[in-house]
Enquirer: 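The structure's right below; bear with me while I get my questions together.
These figures come from a predicted structure and were not determined experimentally.
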Amino acid sequence: MGNAFLDGTAVDADADGRYRGHIDEVWNLRPLPQGGVVTAIALRAMAAALDDPAQRLRTVHTSFVAQVAHGPVDVDVELLRRGRSMSHLRAEVRNPGAARGHLTTGIFGAPRDGFHFTDLEPPVDPPHPDDCPSFRDPPPPGMEDEDFGPMPFWDQILDGRPFLGHPPWEDYEPDRAERGCWYRFDEPPLLDDGRLDPLALIVAADVMPGAVGEKLGPQDRMWFAPSVDLTVHLLDDAHSGTLLGHNRARHAGDGYASAEMALWDYGPDQRDEPRLVAYATQLFLFTFLD
């Protein structure tokens with residue numbers, strides 16, 4: 001039986017340095033595929049080109065140079081430097097015939113001697129995800145005609161269970177640009193050794209505009225936040241398909257906003273001591289439907 005994430009990010013080698021993949025329409029988020037899955041496809045091709053299990057993905061940066069639509073994609077991989085303990089690669093994902101697409105740089109590294117600490121705290125005493133509402137719950141009475149229903153991505157790939165912040169139909173006094181949410185994969189891409197596929201963290205991290213929405217509150221103008229870039233640091237292994245995302249926006253101005261996401265793993269039952277598994281930052285821009 002297949003897995004939606006593993007199948008959706010699979011690549012096949014074509015020519016030297018060229019890979020091919022396919023993005024299903026289920027990954028679309030008004031109206032293009034989520035940037036995280038496009039980045040994951042690039043990284044899947046990079047890992048195949050590097051072919052060194054001793055070196056794991058440590059950090060990734062994607063520039064969203066041009067749009068990438070669902071359907072077939074080409075991935076051109078360039079090995080910038082292969083080292084004994086650290087290697088650098090670059091890949092571009094684009095639709096066939098397109099001049100440009102998403103440009104990603106990935107750095108892979110082997111374990112090294114060093115120090116260990118986490119000087120970041122998760123939200124205090126978050127409720128268990130089973131006790132939180134779901135993005136898939138129906139809207140309250142009187143809101144049935146509003147566009148509050150989940151898109152296929154949220155309905156079939158990743159369930160969101162918020163515990164910090166407000167739903168879009170709630171009238172509240174905006175305060176902090178901060179949201180807390182459990183993200184649960186319908187089909188967790190667990191590897192044979194029990195780890196969550198690290199590339200799945202890229203998808204869970206690429207959902208940062210919600211913090212801006214929390215700060216702004218309900219708006220008369222419908223707005224969207226296309227990504228300009230995405231940086232993710234892979235810090236530790238996750239052993240669950242359910243992750244706690246703590247999302248904050250630090251600044252907005254000139255039509256852009258800067259946000260961050262910390263992903264925490266609470267274990268298979270979401271009851272263990274939290275571990276920081278990924279930290280991400282992103283710049284996105286605002287566009288309006290007038």
Enquirer: Anything under 30° is parallel, anything over 60° is perpendicular, the rest tilted; go ahead and classify Tyr172 against His166.
Expert: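 Tyr172 vs His166 ring planes: parallel.
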Enquirer: So, Glu92 and Arg100, do they make that salt bridge, N to O below 4.0 Å?
Expert: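 Yes, this pair counts.
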Enquirer: Could you tell me if the side chain of Val277 sits less than 4.5 Å from the side chain of Asp237, heavy atoms only?
Expert: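 Asp237 does not reach Val277 side chain to side chain.
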Enquirer: Main chain of Val38, side chain of Trp27: is a donor-acceptor contact present, judged purely on distance under 3.5 Å?
Expert: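 No; judged by distance alone, with no hydrogens or angles, the pair does not exist.
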Enquirer: Under the salt bridge (Lys or Arg N to Asp or Glu O under 4.0 Å) rule, what pairs show up with a residue in residues 265-281, not counting sequence neighbours?
Expert: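 Non-adjacent pairs meeting salt bridge (Lys or Arg N to Asp or Glu O under 4.0 Å): Asp236-Arg275, Asp265-Arg275.
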Enquirer: Counting only heavy atoms from other residues, nucleotides and ligands, does the tally under 6.0 Å from CG of Asp171 exceed 12?
Expert: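 No - once you tally the heavy atoms of other residues, nucleotides and ligands closer than 6.0 Å, there are 12 at most.
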Enquirer: Give the intermediate values and the outcome of salt bridge (Lys or Arg N to Asp or Glu O under 4.0 Å) for residues Asp76 and Arg94.
Expert: CA-CA 9 Å; Asp76 292 306; Arg94 52 190 169 187; 3.0 Å; yes
Enquirer: Taking ring-ring contact (aromatic ring centres under 6.0 Å, His included) as the cut-off, I'd like each qualifying pair that reaches into residues 211-257, sequence neighbours left out, listed once.
Expert: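 Pairs touching residues 211-257 that pass the test: Trp223-Phe286.
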Enquirer: Below 4.0 angstrom, N of the basic side chain to O of the carboxylate: do Glu178 and Arg248 qualify?
Expert: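 No.
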Enquirer: Only pairs at least two apart or in different chains count here, so list each ring-ring contact (aromatic ring centres under 6.0 Å, His included) that has a residue in residues 58-110.
Expert: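 Matches after skipping sequence neighbours: Phe64-His102.
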Enquirer: Do Gln34 and Val207 have side chains that approach each other closer than 4.5 Å (heavy atoms only, starting at C-beta)?
Expert: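 Answer yes - side chains close enough.
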Enquirer: Is the backbone of Ser134 close enough, under 3.5 Å, to the side chain of Asp137 for a donor and an acceptor to pair up by distance?
Expert: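 Yes, the answer is positive, given that a donor and an acceptor are paired below the 3.5 Å cut-off.
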Enquirer: Mark yes when over 12 heavy atoms from residues, nucleotides or ligands other than Arg56 sit less than 6.0 Å from its CZ; otherwise mark no.
Expert: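 Enclosed: over 12 neighbouring heavy atoms sit under 6.0 Å from CZ of Arg56.
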Enquirer: Going by the rule side-chain hydrogen bond (donor to acceptor under 3.5 Å, both in side chains), which residues pair with Ser240 if we only count those two or more places apart in sequence or in a different chain?
Expert: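 For Ser240, the residues satisfying side-chain hydrogen bond (donor to acceptor under 3.5 Å, both in side chains) (neighbours in sequence not counted) are Gln270.
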Enquirer: Strictly below 4.0 Å, N to O, side chains only: are Arg84 and Asp52 in salt-bridge contact?
Expert: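 Asp52 and Arg84: not salt-bridged.
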Enquirer: Are the side chain of Arg82 and the backbone of Leu50 linked by a donor-acceptor contact shorter than 3.5 Å?
Expert: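 Yes, because the side chain of Arg82 sits within donor-acceptor range (under 3.5 Å) of the backbone of Leu50.
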Enquirer: Applying side-chain contact (heavy atoms from CB on, under 4.5 Å), name anything that partners Ala211, two or more places apart in sequence or on another chain.
Expert: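 Per chain and number, Ala211 pairs via side-chain contact (heavy atoms from CB on, under 4.5 Å) with Asn247, Ala249.
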Enquirer: Quick one: side chain to side chain donor-acceptor pair (under 3.5 Å) pairs with a partner in residues 110-124, sequence neighbours left out?
Expert: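 Residue pairs with at least one partner in residues 110-124: Ser85-Arg112.
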Enquirer: Can you list the residues that meet the side-chain hydrogen bond (donor to acceptor under 3.5 Å, both in side chains) rule with Asp14, with sequence neighbours excluded?
Expert: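 Checked Asp14 against side-chain hydrogen bond (donor to acceptor under 3.5 Å, both in side chains); matches are Arg20.
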Enquirer: Quick one: side-chain contact (heavy atoms from CB on, under 4.5 Å) partners of Asp130, sequence neighbours excluded?
Expert: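 Result, side-chain contact (heavy atoms from CB on, under 4.5 Å) vs Asp130: His128, Arg184.
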Enquirer: Could you walk me through whether Thr105 and Leu89 pass side chain to side chain contact (heavy atoms under 4.5 Å, CB included), step by step?
Expert: CA-CA 6 Å; Thr105 302; Leu89 296 95; over 6 Å; no
Enquirer: Under the side-chain contact (heavy atoms from CB on, under 4.5 Å) test, which residues partner Gln67, sequence neighbours left out?
Expert: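 So Gln67 forms a side-chain contact (heavy atoms from CB on, under 4.5 Å) with Leu32.
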Enquirer: Applying side-chain contact (heavy atoms from CB on, under 4.5 Å), can you list everything that pairs with Leu6, at least two apart in sequence or on another chain?
Expert: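 Applying side-chain contact (heavy atoms from CB on, under 4.5 Å) to Leu6 gives Asn3, Arg44, Pro189, Asp197.
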Enquirer: Could you pull out all residues at least two apart from Ser87 that satisfy side-chain hydrogen bond (donor to acceptor under 3.5 Å, both in side chains)?
Expert: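 Here the qualifying residues are Gln55.
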Enquirer: Does anything in residues 276-289 pair up under side chain to side chain donor-acceptor pair (under 3.5 Å), and if so which pairs, sequence neighbours excluded?
Expert: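 Passing the test, one end in residues 276-289: Asp206-Gln282, Ser227-Gln282, Glu260-Tyr279.
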Enquirer: Heavy-atom count check: over 12 atoms from other residues, nucleotides or ligands less than 6.0 Å from Glu25 CD?
Expert: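 No.
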